[in-house]
Amino acid sequence: MLYLDPWNKVMVMAGAAAAVAITILLVVCCVGEGCLVYELINSSKRKKAQARKLSGALYGTADKNGVNLTNYAAYGRGDAVHIPTRQQSVASAHSLNEKVERSLLSRLSSSSRTDSTYSSMSSARTSSSSIESTSTTSSSSPTQDKISPPAVTFSLLASIIPDSTTVKLAIAVESATDLPARDYGAHCDPWVSVTVIRDRRSIRRRPPAPVAFFKTKTIRHAHNPFYSQTFLTDIQKNEMKEISLQFTVMDQDRHCGSVEMGHTSITLKDAKQTVEEPEKFTTTQFIKETKKDCGEILFGLSYLPTAQRLSFSLIKINNIKQEKKAEEETLNPYLRIMMFNQSGRLVKKKKTTVKVNTKDPVFNETLNFEVAPGQLENLRFLVTLCNRRQVVDIIPMEDIAELINHESSDQEGSGPGGFSFGSDRNGRRESQGNQKDVCIGRIALGSTVRGEKERDHYKSVCDTPRQVFSMWHTVR
């Protein structure tokens, strides 16, 4: 056993205390900010993270959602550095472009100036309760209450690249406000698309040519989404007066696909970005919904209380109109009807047979839904016009009998003049492709929907049961 005198014991205890103190000091320096050791260790990590953000997220690529405006407030304006050597010309251009992007984002993220339009309009944005409190008391229905129209907030800033014919334009999508709910009562899932358009003035009246396209992330179940995403694009200096930007707010609906909620546009000249030293421009603009006409549909609606049955008598559709990019596709229309409860949840859905290659289909089919009398006024129905896009293969006639025997359980019902893509007596069957059907247009029915004609049609059935009410509607 080792024997220590009192002085040796004091020295051992002092050494142990010193070791503990040094360990605690090192741990605090490595973890806490402000220490020299901490700054040396984390400086390289911060530089790599900043380089990664600038390399990919600036241009709004598909795998990255853009740049947060507050991440670049620490950068200052950088002057252009010219390297005369030929070997370093490529590095000089890349470094110059990166400095211009940093300077542009730093100026765009600064809050030194706020547009008066934005400040006055944003101050009026309040909660739904405050909006309802200011509405007039003389209104007799919820659809007549005064509500603020939907709007989108964005910022623009152009930066001239030295010794270059191009201009770098930064587009910041800030937020959207007061977006309406869907026709059948569910919350919206909005995202914003930005299209940079060059308006070519020609004698032939050619449509404007898109220069760049960006889209933000989708925010689910939000009526006042906040994006704070920035996109960068290069435009020619001599074309700045012809450039305009279109902001379109879309709703990613799982039942109808991407549905436009409204759009707005602005030119660089109106945004004061065509001057020699442009400043940050921030504004909030109301969005306008595009009036869409996809055809006219005739159907009857009736309700039988004793059987608790709501019947849709689908007659025909006249002059189905498609988008220009989809006009070359074969039109195989059919109707799908979905029933939603008061909270917007899907309860049941049914569909008609598919009509092949026609713009004026005649269905003459009846789809029935089981509805209790106490639930009739709270339900909403969505009638969608869809196009079957699956590829149809021709099979030999001798294989039809065997095919029908194997697929009779999956075959859909067909009406007069109908066609089923499960199996068909004309020798056609559905291919195994996974192409999704396209929703051409829709109609919402219910006692609280926005459409006046659709709302009156449904209310007439609720007020007068056991009678069939037929009416023409516009598919939008």
Side-chain angles (χ1 to χ4, degrees), residues 141 143 182-185 255-256 291-322 331-341 346-356 358-388 412-420 439-476:
S141 63
T143 57
R182 294 169 183 168
D183 290 337
Y184 52 88
H255 304 296
C256 305
K291 293 184 179 180
K292 188 178 178 182
D293 185 4
C294 302
E296 299 289 333
I297 180 174
L298 174 64
F299 66 90
L301 195 60
S302 63
Y303 179 68
L304 188 61
T306 56
Q308 297 185 2
R309 183 175 66 240
L310 182 68
S311 301
F312 286 83
S313 301
L314 305 172
I315 309 301
K316 61 180 179 178
I317 303 178
N318 290 340
N319 193 17
I320 298 178
K321 300 175 184 178
Q322 290 181 284
L331 184 60
N332 305 312
Y334 69 95
L335 292 173
R336 179 188 285 117
I337 302 179
M338 290 168 280
M339 181 173 67
F340 298 90
N341 59 11
L346 178 64
V347 179
K348 195 172 184 60
K349 60 181 178 180
K350 293 185 178 182
K351 62 181 179 180
T352 65
T353 55
V354 181
K355 307 300 177 180
V356 180
T358 177
K359 291 185 177 180
D360 302 293
V362 178
F363 295 99
N364 289 329
E365 299 183 32
T366 301
L367 300 181
N368 299 320
F369 292 88
E370 184 178 352
V371 179
Q375 300 176 353
L376 185 61
E377 293 186 358
N378 297 328
L379 294 177
R380 297 180 180 91
F381 292 87
L382 187 66
V383 183
T384 58
L385 173 61
C386 303
N387 181 25
R388 179 61 59 88
E412 301 176 359
S414 59
F419 183 86
S420 174
C439 178
I440 302 176
R442 68 194 190 280
I443 298 173
L445 295 173
S447 57
T448 57
V449 297
R450 291 193 293 268
E452 182 179 359
K453 191 175 182 180
E454 292 81 2
R455 187 172 61 250
D456 294 341
H457 190 184
Y458 191 82
K459 283 184 177 181
S460 61
V461 176
C462 297
D463 297 337
T464 311
R466 299 183 181 87
Q467 292 187 13
V468 180
F469 293 88
S470 299
M471 191 177 296
W472 285 95
H473 292 277
T474 302
V475 182
R476 303 187 185 279

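What's counted below: heavy atoms across the whole structure, side chains too, no hydrogens, waters or symmetry copies.
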K.L.:
Who pairs with D360 by side-chain hydrogen bond (donor to acceptor under 3.5 Å, both in side chains), at least two apart in sequence or on another chain?
P.N.:
none
K.L.:
Tell me every residue that passes side-chain hydrogen bond (donor to acceptor under 3.5 Å, both in side chains) with R380, counting only those two or more places apart in sequence or in another chain.
P.N.:
T448
K.L.:
So does C439 get a backbone contact from the side chain of T384, meaning a donor-acceptor N/O pair under 3.5 Å?
P.N.:
no
K.L.:
Go through it in stages, so that I can follow the logic: the residues are L335 and L367, the test is side-chain contact (heavy atoms from CB on, under 4.5 Å), and I'd like the CA-CA distance, side-chain angles, deciding distance and then a yes or no.
P.N.:
CA-CA 10 Å; L335 292 173; L367 300 181; over 6 Å; no
K.L.:
With under 30° as parallel and over 60° as perpendicular, where do the rings of F340 and Y184 fit, or are they tilted in between?
P.N.:
parallel
K.L.:
If you round to the nearest 0.5 Å, how far is OH of Y303 from CZ of R466?
P.N.:
9.5 Å
K.L.:
Answer yes or no: is there a side-chain heavy-atom contact under 4.5 Å between I320 and P361?
P.N.:
yes
K.L.:
Is the closest side-chain heavy-atom distance between V383 and R442 below 4.5 Å?
P.N.:
no
K.L.:
Mind listing the closest non-hydrogen atom pair of G300 and S470 along with its distance?
P.N.:
CA-OG, 3.6 Å
K.L.:
To the nearest 0.5 Å, what is the distance between CG on L301 and CE on M471?
P.N.:
9.5 Å
K.L.:
Hey, are the side chains of L379 and L310 touching, using non-hydrogen atoms and a 4.5 Å cut-off?
P.N.:
no
K.L.:
For K292, does the NZ atom have more than 12 heavy-atom neighbours from other residues, nucleotides or ligands under 6.0 Å away?
P.N.:
yes
K.L.:
Looking only at heavy atoms, what is the nearest atom pair of P465 and P305, with distance?
P.N.:
CB-CG, 3.8 Å
K.L.:
For a 4.5 angstrom cut-off between non-hydrogen side-chain atoms, does R182 reach L382?
P.N.:
no
K.L.:
I'd like to know if the side chain of R455 and the backbone of V449 have a donor-acceptor N/O pair within less than 3.5 Å.
P.N.:
yes
K.L.:
Are side-chain heavy atoms of N387 and Q322 found at a separation under 4.5 Å?
P.N.:
yes
K.L.:
Could you state the interatomic distance from CD1 (I317) to NZ (K355), rounded to the nearest 0.5 Å?
P.N.:
10.5 Å
K.L.:
Under 6.0 Å from the CD atom of Q308, do we count more than 12 heavy atoms belonging to anything else shown?
P.N.:
yes
K.L.:
Could you tell me which residues satisfy ring-ring contact (aromatic ring centres under 6.0 Å, His included) with Y334, sequence neighbours excluded, listed by chain and number?
P.N.:
none
K.L.:
What pairs with E296 under side-chain hydrogen bond (donor to acceptor under 3.5 Å, both in side chains), at least two apart in sequence or on another chain?
P.N.:
T474
K.L.:
To check you understand the geometry: which heavy-atom pair defines the closest contact between T353 and F363, and what is its length?
P.N.:
O-CE2, 3.8 Å
K.L.:
Any side-chain heavy-atom pair from L385 and I297 closer than 4.5 angstrom?
P.N.:
no
K.L.:
Please enumerate all residues that pass salt bridge (charged side-chain N to carboxylate O under 4.0 Å, His left out) together with K321, with sequence neighbours excluded.
P.N.:
D293
K.L.:
Search all heavy atoms of L346 against all heavy atoms of K348 and return the closest pair with its distance.
P.N.:
CD1-O, 3.7 Å
K.L.:
Got more than 12 heavy atoms from elsewhere within 6.0 Å of NZ, K359?
P.N.:
no
K.L.:
State, to 0.1 Å, how close W472 and K453 come at their nearest heavy-atom pair, and which atoms those are.
P.N.:
O-NZ, 2.7 Å
K.L.:
Hey, can you tell me if Y458 and F381 have their rings parallel, tilted or perpendicular (30° and 60° cut-offs)?
P.N.:
tilted
K.L.:
Would you please classify the geometry between the F299 ring and the H473 ring as parallel, tilted or perpendicular, with 30° and 60° separating the classes?
P.N.:
parallel
K.L.:
Which atom pair, heavy atoms only, marks the closest approach of Q375 to V371?
P.N.:
C-CG1, 4.2 Å
K.L.:
Under the side-chain hydrogen bond (donor to acceptor under 3.5 Å, both in side chains) test, which residues partner N368, sequence neighbours left out?
P.N.:
S311
K.L.:
Do T366 and L314 make a side-chain contact, defined as non-hydrogen atoms from C-beta onward lying under 4.5 Å apart?
P.N.:
no
K.L.:
So do the side chains of I443 and V475 get within less than 4.5 Å of each other, counting heavy atoms only?
P.N.:
yes
